[in-house]
2 protein chains.
Amino acid sequence: MGELDPDMFDPMCPSSALPFRIGDKWTGMVLLCLEGGPRRFTQLQVPLRAVTAKVLAETLRAMIRDGLVERTEFAENPPRVQYALTPLGRSLLPVIAALRAWTRAHLPELLAARAAAHEEAR
Amino acid sequence: MGELDPDMFDPMCPSSALPFRIGDKWTGMVLLCLEGGPRRFTQLQVPLRAVTAKVLAETLRAMIRDGLVERTEFAENPPRVQYALTPLGRSLLPVIAALRAWTRAHLPELLAARAAAHEEAR
DNA sequence: CAGAATCCGTTGCGATACTG
DNA sequence: CAGTATCGCAACGGATTCTG
């Protein structure tokens, strides 16, 4: 299991225009980051460098509370913490796949409609 | 095509705990309201009586802008306006079905985890 | 390393009142 | 009937600084 691709989330992609969201703003991306296996806090921060540590920690805590993610703390020095998907969290991956399928098929159409409406308003 | 069921959205259902959202807070419910055919503003307000007219109008405008809904105004007195799903809006219905399937299968588990975490915190 | 604490701006949303 | 206008607030999320 290698490192996460720093560019697995293209900052130029119009994801902010998506008509759906999983949990809070970053929950869906965290799920994708953990799809390939457990990760550490700093590993998540590589592709998610647009998120502050505070918000990432909040996101993870909410996911733990909802049983989507499991946190494991190792009594080492320096401290090491691992985040992994639970079966419940993993059950959301097919849902994400369905949302991405819709996005691939229809998001350009939505963006075109939005751009046209924007044009009209000038 | 009859009237919308006033109780098609149970105010006691834990939908606010859903880990996903379509568009803004009420977008998904509007899509469901329009699934059975075109509706008028006041018809939407029956099952969506928890939404103020302002917010419902904002929601509809955003959906129109994104090409999900088509608005038709009839030059009558009193005025009559009709909202209908576009093909693009209709393409979201299977997505909603997938989200509902996940909810039926897994939401109780999520709520249980949340309740357990809440218990733990006392 | 893995956060916590604090501060603060923006946005979403609701309540209320009014209108063509 | 089908909205708009105005107000206000609470929640979300970002920036910055600090810590075991």
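Convention: sequence-line order gives letters A, B, ...; per-chain numbering from 1.
- Within 6.0 Å of the CD atom in E70(B), the count of heavy atoms belonging to other residues, nucleotides or ligands does not exceed 12.
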Would you tabulate the side-chain donor-acceptor contacts of residues 74-89 of chain B under 3.5 Å, counting partners in other chains and residues two or more places apart, or write 'none'?
| residue | atom | partner | partner atom | Å |
| --- | --- | --- | --- | --- |
| E76(B) | OE1 | R80(B) | NE | 3.4 |
| E76(B) | OE2 | R80(B) | NH2 | 3.3 |
| T86(B) | OG1 | G67(B) | O | 2.5 |
| T86(B) | OG1 | L68(B) | O | 3.2 |
| T86(B) | OG1 | L88(B) | N | 3.3 |
| T86(B) | OG1 | G89(B) | N | 3.1 |

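- Of the residues in residues 24-34 of chain A, those lying under 4.0 Å from DNA chain D by heavy-atom distance are D24(A), K25(A), W26(A).
- When DNA chain C is scanned in the 5' to 3' direction for atoms under 4.0 Å from non-hydrogen atoms of chain B, the outermost contacting nucleotides are dC13(C) to dG20(C).
- Heavy-atom minimum distance, M12(B) versus D10(B): N-OD1, 2.7 Å.
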Step-by-step side chain to side chain contact (heavy atoms under 4.5 Å, CB included) determination, L44(B) to L34(B): CA-CA 8 Å; L44(B) 296 176; L34(B) 296 178; 3.9 Å; yes

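- Using a 4.0 Å cutoff to heavy atoms of chain A, the contacted part of DNA chain D runs 5' to 3' from dG13(D) to dG20(D).
- Residue Y83(A) is classed as a sugar-phosphate contact, given heavy-atom separations below 4.0 Å to backbone atoms only.
- The closest side-chain heavy-atom distance from T27(B) to P19(A) is not below 4.5 Å.
- When hydrophobic clusters are built by joining Ile, Leu, Val, Met, Phe, Trp and Tyr residues whose side-chain heavy atoms come closer than 4.5 Å, directly or via intermediates, M8(B) is not grouped with V46(B).
- Where P79(A) and K54(A) each meet DNA chain C at their nearest nucleotide, the meeting point lying more 5' is that of P79(A).
- Salt bridge annotation for D7(B)-R49(B): present, with a cationic side-chain nitrogen under 4.0 angstrom from a carboxylate oxygen.
- Using a 4.0 Å heavy-atom distance criterion, R21(A) is classed as a sugar-phosphate-only contact.
- For the pair G28(B) and I96(B), the tightest heavy-atom approach, listed with the atom from each and the gap, is O-CD1, 4.0 Å.
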Contacts table for residues 50-61 of chain B: side-chain donor-acceptor under 3.5 angstrom, sequence neighbours left out:
| residue | atom | partner | partner atom | Å |
| --- | --- | --- | --- | --- |
| T52(B) | OG1 | V55(B) | N | 3.4 |
| T59(B) | OG1 | V55(B) | O | 2.8 |

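- Heavy-atom nearest nucleotides on DNA chain C were determined for A53(B) and for R71(A), and the one closer to the 5' end corresponds to R71(A).
- Legend: ring pair (Phe, Tyr, Trp, His ring centres under 6.0 Å) pairs involving residues 13-46 of chain B, not counting sequence neighbours, sorted by first then second residue: F20(B)-W102(B).
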